[in-house]
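Here's the structure we're looking at; comments come further down.
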2 protein chains.
Amino acid sequence: MSPYDPSAFPPFAVTVDLVVLTVRRHALCALVVRRGEQPFQGRWALPGGFVRGDEDLAAAAARELAEETGLCAHDPDSPASTPGAHLEQLATYGDPRRDPRMRVVSVAHLVLAPDLPAPRAGGDANSARWATVEDLLSQEGGFGREGEQSTPLAFDHARILGDGVERARSKIEYSSLATAFCPPEFTVGELRRVYEAVWGVALDPRNFHRKVTGTPGFLVPSGGTTTRQGGRPAQLFRAGGATVLNPPMLRPEV
Amino acid sequence: MSPYDPSAFPPFAVTVDLVVLTVRRHALCALVVRRGEQPFQGRWALPGGFVRGDEDLAAAAARELAEETGLCAHDPDSPASTPGAHLEQLATYGDPRRDPRMRVVSVAHLVLAPDLPAPRAGGDANSARWATVEDLLSQEGGFGREGEQSTPLAFDHARILGDGVERARSKIEYSSLATAFCPPEFTVGELRRVYEAVWGVALDPRNFHRKVTGTPGFLVPSGGTTTRQGGRPAQLFRAGGATVLNPPMLRPEV
DNA sequence: GCAATAGTGTCTATTAGACAGTATCGC
DNA sequence: GCGATACTGTCTAATAGACACTATTGC
């Protein structure tokens, strides 16, 4: 067969799946939706859907994100987009048997978002929720915050979620992306709690403060202060222009 | 439309494209093939082809690699594969207009290989060659080593190649992947020349030697020595078991 | 000897990590 | 006052980078 014979290619469906991460109550959480149909009916899955015929992959991911959360994604590769959550391509999953019905290639995307109000999913408020990554990835399922048992995720979504979490854990080391988990204005302590939740470690508040305020372009003071965390008023910052951190934040050893 | 109605998805073609990098004569080079048909007939392009209906994405990439180079890819994610070149998924490109004939989503893969004999491409030795990354990515095309002008790469392959080069440049900082550019046994000086070619910088041989031999698990002595680089005989090493380098190699500032 | 590469030692400026101590809020 | 968090300063061990020096080959 000719390498580009348009009439001779096998038919594929192409979807986007979203790993939407946020930090809630000092825990790294992901957005999951309940499947209403077979296969895996009733199980939790990552949000996602088909790429339309005239739609770019990043556009499809941003559309699905808006449909599920109302978030406006900020794709660093596309020039003009309203500020909001960070969106980037994660990886593509194409095992021939990953969907029992047909050949589906899924282009997974990673979204990092600040703590949000309750998710919505097409008007059915009960069909989407935040769950801790720990619960979703524990082998037997574990228990959600309402005491509801989390069965394993549908399809290969546990692997996709694991890859997304690993990407987030490593990217906040050498980029300023941890600020994507924070509201527009935030304190050094709030940023530290993001690192602690994503990495699952405790960091020295004093050395952390010295490190982030000493990294050029990471944070810019916004002028105000807040006492929303209690204690002495803390200076408020915005994300600076730097995207790459040099020197990087160092993740403590195991 | 139901989010998973099997009869209602738009038809996509899915291909794999390969960014095959090697170091030749102190320069980072990529494998390109000449297109025999429209569009972009006669232009250079990255090797690649359709994913078969029952084939995983990584398997398709390994098959294309073997067809183009005879290399056996070593995918770190798959358990048993003959040692050879390193292969990993790079990114997926799905702009609706990236191929003028139809909707093609391409899952690009990155291959890092030691210096190889001349490439082959389906028996037609003239239709595949190594070109320096510098020539391929220079805006106007530049000149290849035979003095032949390199026109810009077909499709969006210049962008894919640029992304692959950037991935390679950053991955050799914090992983042991630079050894994938070396033969099974190599000297510290040969490894240093890999870093210098990929990063395009000059490194201090003495500090480099101290750094790589002091990083646990990076290199293991094989016992032999060689004088193939001239000068005092150099100890031969193999790649050690470590995949992540801690501390990382530091790329000098611009 | 001379050129080339390999390998070791030494000094210095920088920094990560540990931790003392002070500042400023709510209660 | 007390508890909490924010911030600044200090010490030490480790290290990146610069560079002097020696070792061992081919010619």
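So you know, we letter chains A, B, ... as the sequences are listed, proteins then strands, and number each from 1.
Look at CZ on B/Arg193: it is 13 Å from P on C/dA4, rounded to the nearest Å. If you measure from atom CG of B/Asp204 to atom P of D/dT15, you get 18 Å, rounded to the nearest angstrom. A straight line from CG of B/Leu203 to P of D/dA16 spans 13 Å, rounded to a whole angstrom. Distance B/Leu236 CG to C/dT5 P: 17 Å, rounded to the nearest Å. Between the C1' atom of D/dG17 and the CE atom of B/Met249 lies a distance of 13 Å, rounded to the nearest Å. For the pair B/Glu196 CD and C/dT5 P, the interatomic distance rounds to 11 Å; values are reported in whole Å. Spacing between atom CZ of B/Phe237 and atom P of C/dA6 amounts to 11 Å, rounded to whole angstrom units.
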Run the side-chain donor-acceptor check on residues 237-246 of chain A: report pairs under 3.5 Å with partners two or more places apart or on a different chain.
| unit_1 | atom_1 | unit_2 | atom_2 | d |
| --- | --- | --- | --- | --- |
| A/Arg238 | NH2 | A/Glu185 | OE2 | 2.9 |

Show me, pair by pair, the donor-acceptor contacts under 3.5 angstrom made by side chains of residues 193-203 of chain B, not counting sequence neighbours?
| unit_1 | atom_1 | unit_2 | atom_2 | d |
| --- | --- | --- | --- | --- |
| B/Tyr195 | OH | B/Ile172 | O | 2.9 |
| B/Glu196 | OE2 | B/Arg192 | NH1 | 3.4 |
| B/Glu196 | OE2 | B/Leu203 | N | 2.9 |
| B/Trp199 | NE1 | B/Arg169 | O | 2.9 |

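Here B/Glu190 pairs with B/Arg228, B/Gln229 under the side chain to side chain donor-acceptor pair (under 3.5 Å) rule; sequence neighbours left out. Partners of B/Lys211 by side chain to side chain donor-acceptor pair (under 3.5 Å), not counting sequence neighbours: none found. Under the rule for a side chain to side chain donor-acceptor pair (under 3.5 Å), A/Arg232 has no partner lying at least two apart in sequence or in another chain. For A/Thr92, the side chain to side chain donor-acceptor pair (under 3.5 Å) partners at least two apart in sequence or on another chain are B/Thr92. Residues forming a side-chain contact (heavy atoms from CB on, under 4.5 Å) with B/Thr227 (at least two apart in sequence, or on another chain): B/Pro233. Legend: residues meeting side-chain contact (heavy atoms from CB on, under 4.5 Å) with A/Leu46, ordered by chain and number and at least two apart, are A/Val19, A/His157, A/Ile160.
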Is there a side chain to side chain contact (heavy atoms under 4.5 Å, CB included) between A/Leu161 and A/Leu21 once you walk through the steps? CA-CA 9 Å; A/Leu161 174 62; A/Leu21 299 180; 4.2 Å; yes
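Between A/Tyr93 and A/Asp17, the side chains place no donor N or O within less than 3.5 Å of an acceptor N or O (distance only, hydrogens not considered).
Side-chain atoms of B/Ser170 come within 3.5 Å of backbone N or O of B/Arg167 as a donor-acceptor pair.
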I'd like a table of atom pairs between the protein and nucleotides 24-27 of chain D - only N or O on both sides, under 3.5 Å - with the distance next to each one.
| unit_1 | atom_1 | unit_2 | atom_2 | d |
| --- | --- | --- | --- | --- |
| D/dT24 | O2 | B/Arg232 | N | 3.3 |

When you compare the protein's N or O atoms with those of nucleotides 8-16 of chain C, which come within less than 3.5 Å of each other, and at what distance?
| unit_1 | atom_1 | unit_2 | atom_2 | d |
| --- | --- | --- | --- | --- |
| C/dA16 | OP1 | A/Lys211 | NZ | 3.3 |

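Atom OG1 of B/Thr22 and atom CH2 of B/Trp130 lie 5.0 Å apart (nearest 0.5 Å). A/Arg129 CZ to A/Leu31 CG: the interatomic distance, rounded to the nearest 0.5 Å, is 10.5 Å.
B/Arg192 comes within contact range of the sugar-phosphate backbone alone, with a heavy-atom separation under 4.0 Å but no base atom that close.
Taking five base pairs at each end of the helix from C/dG1-D/dC27 to C/dC27-D/dG1 and finding the rotation axis that steps the C1' atoms of four pairs onto the next four gives two axes whose angle is 0°, to the nearest 10°.
Within a heavy-atom distance below 4.0 Å of DNA chain C, no residue of residues 176-186 of chain A is found.
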